[in-house]
Amino acid sequence: MLKKVLVANRGEIAVRVLRACEELGIATVAVYSDADRNSMHVRYADEAYNIGSAPARQSYLRGDRIIDIARRAGAEAIHPCYGFLAENAEFRNACDDAGLIFIGPSAQTIRAMGDKLVARRTMRDAGIPVVPGSYDSIKDEDHALTVAEEIGYPVVIKAAAGGGGKGMRVIKSKDEVAGALRGAAAEARSAFGDDTLYMEKMLEGIRHIEVQLLADRFGNVIYLGERECSIQRRHQKLIEESPSTAVDAEMRRKMGELAVTAAKAVGYESAGTIEFLVDKNKNFYFLEMNTRLQVEHSVTELVTGVDIVIEQLRMAAGRKLRYRQEDVKINGWAIECRITSEDPYNNFMPSVGKIVSLSEPSGPGVRVDSGVFEGFEVTLYYDPLIAKLIIWGETRAQAILRMRRALNEYKIIGIRTSIPFHLRMLETARFITGKIDTTFLDRINVLANDGPSTRTKLAAIAAALVAYRSRHDLIAKSLADGSAGPNMWKFNARREVLRPR
Amino acid sequence: MRYYAQIDGQMLEMDIEGEGDDLKVVLDGETLVASLRLVSPPSLYSLILDNQSHEVFVENRNGEYVVMIAGELCHAKVQDERAKRLAAVTPKGHANEGEVVIRAPMPGLVISLDVSPGDVVEKGKGLLVLEAMKMQNELRAPQAGTIKSVNVQQGERVENGRVLLVLT
């Protein structure tokens, strides 16, 4: 087994990986920016090294410094988690050159799947259904018009180097082509330094469903069921679950086997995910492959009982996959709510500040993967994801009810969080009945105020009681201590003025 | 003491008296026994109302109370009878009445400016986009009006609380 691992990340995911190392008896090394000196991952690890100032470009993205520290600390392997350097082929190469194990797939695989156009071609050639569209880059406006005509409007233009919705435009008719092409190219150039574009058919009423894979270096690949990730806001996932209400045993087997074929086609190693788009008729199409551990891996862990990070560490140490496909059974239902430092009642505006009080949910079926604690200062430098609340239930209905009670137990004071959004979301009939697709949040305002409810009266009483109490405390204080507090002369004078006449 | 709470378009009147954990609220002719404790300062309260136990977040912003119960957010304007009478005798009509100052809710970078002085905007219209935490955030008009001034430029880095726009 590995003896010492460097975790090249921060926040909840760094803590998640450190926990797995701890359980396996692996010594750990954390790296941190100036802004993260107090962070949980720094305190959790056996060793911690400063790697630069707060902006990620000067710290968590400094692969050279991270490799240098891994050598100094005598770590054998680096776990990149997600984000930062996780899908950076140059960093993977640099690890190889330094004689360090990068916990993830080869540089070649990362590169092939990172270029969405190369990925589309690779998957088509492997016999995987791919979203209808172009397999070559769009050269100019005329070319775009021809391709759009071929696949039929509406179409989406996307950046080959893309992700997170950047460099992406929906085109409904031919007169929108020129503008969309220019906009997407400019955005792709500024975000990725590469304006290669391609075109896909815009599928309607689709779900975003992905398959979790595990692959060892001996060519063994298994799938761990699917994850439903359709609840998104601006291409950012908010709620994930496993299994999906859209997938039955037969479809799971088909999707899983295709995902395994896809992984084998690129010689995949470690944990990875194939994302599919699923239409109303349950046709599914390859969208992209994520060559890393994902935020939502935990829902799969709860329904399969497989610890994905522990398997990654074992396989990185050269061990064979411990599970065969027939060992994998889906048991119950798991849901994850992403807890972010954003204000859902203010257009999901980032919220920063000190967490002055924190009380996490617990009890049966509750898992909290968090990177924060009471006294933690949330800054603007990094991703707003501060924790994940993951629930297991015997059935989906039980998981929803349990999630609601856990969200009610979750109290974070000092910053605004996405908790109220999740509470309201889990009350909507459409979510409860599983009738969801990727446009859910565009069509339904989960936070709408439906006018006076039973809670309105309670809220009014609570506010009035707080007002009464604070006024009462003020008077008590001024009576107990004449010099401080309001001036009694002024107090009496004001009372005179206000006396009814 | 009589309290007036304006909430979700309705006005609720109630009388509150008592001390400590023994408070009485009379609302719509019904008497409720209340106990209120601040369990996690500054904003999490435990409220027992006629033996019904509730947890509520309450924040006071100059008499405007923000109350959150089970994920539902309400804004309540609370006045006691003194404050109400005081408001009645205070002269109205300040020079800047109706002016809304839009400040940066966080430090960030102005990515785009979508309005200029003199523009007439609807409530909810996107005014500018501020980038922070890797995310672009659109600031929208809190009410309909006319843009009186624009105090920042595209590409400018702004501090928290900086005045971005004034709407009248």
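In the text below, chain A, chain B and the rest are named by the order of the sequence lines, each starting its count at 1.
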Does A:Y345 reach the main-chain N or O of B:L73 with its side chain, forming a donor-acceptor pair under 3.5 Å? yes
With distance as the sole test, does A:Y468 use its side chain to make a donor-acceptor pair with the main-chain N or O of B:G18 at under 3.5 Å? yes
Show which side-chain atoms of residues 28-35 of chain B pair as donor or acceptor with protein atoms under 3.5 Å away, not counting sequence neighbours.
from: B:S35; atom 1: OG; to: B:D21; atom 2: OD1; distance (Å): 3.2

Please confirm whether the backbone N or O of B:E19 pairs with a side-chain atom of A:R469, one donor and one acceptor, at under 3.5 Å? no
Under 4.5 Å, heavy atom to heavy atom: which of residues 111-118 of chain B reach chain A? Give them by number, or say none. none
Between B:E55 and A:N408, is a side chain to side chain contact (heavy atoms under 4.5 Å, CB included) present by the stated rule, with each step listed? CA-CA 9 Å; B:E55 282 197 319; A:N408 270 318; over 6 Å; no
Taking all heavy atoms of A:A463 and all of B:V78, pick out the closest pair and write down the distance. CB-CG2, 3.7 Å
Contact summary for B:Q10 and A:T456, nearest pair of heavy atoms: NE2-CG2, 3.8 Å
I need the A:K457 NZ to B:L49 CG distance, nearest 0.5 Å. 9.0 Å
Using every non-hydrogen atom in the two residues, find where A:S357 and B:P41 come nearest and quote the distance to one decimal. CB-O, 4.5 Å
Give, as side chain, backbone, both or neither, the part of A:L407 having an atom under 4.5 angstrom from any heavy atom of chain B. neither
With a 4.5 angstrom heavy-atom cut-off, could you sort out which part of A:F348 is near chain B: side chain, backbone, both or neither? backbone
Scanning both residues in full, the closest heavy-atom pair of B:A70 with A:L423 reads C-CD1, 3.7 Å
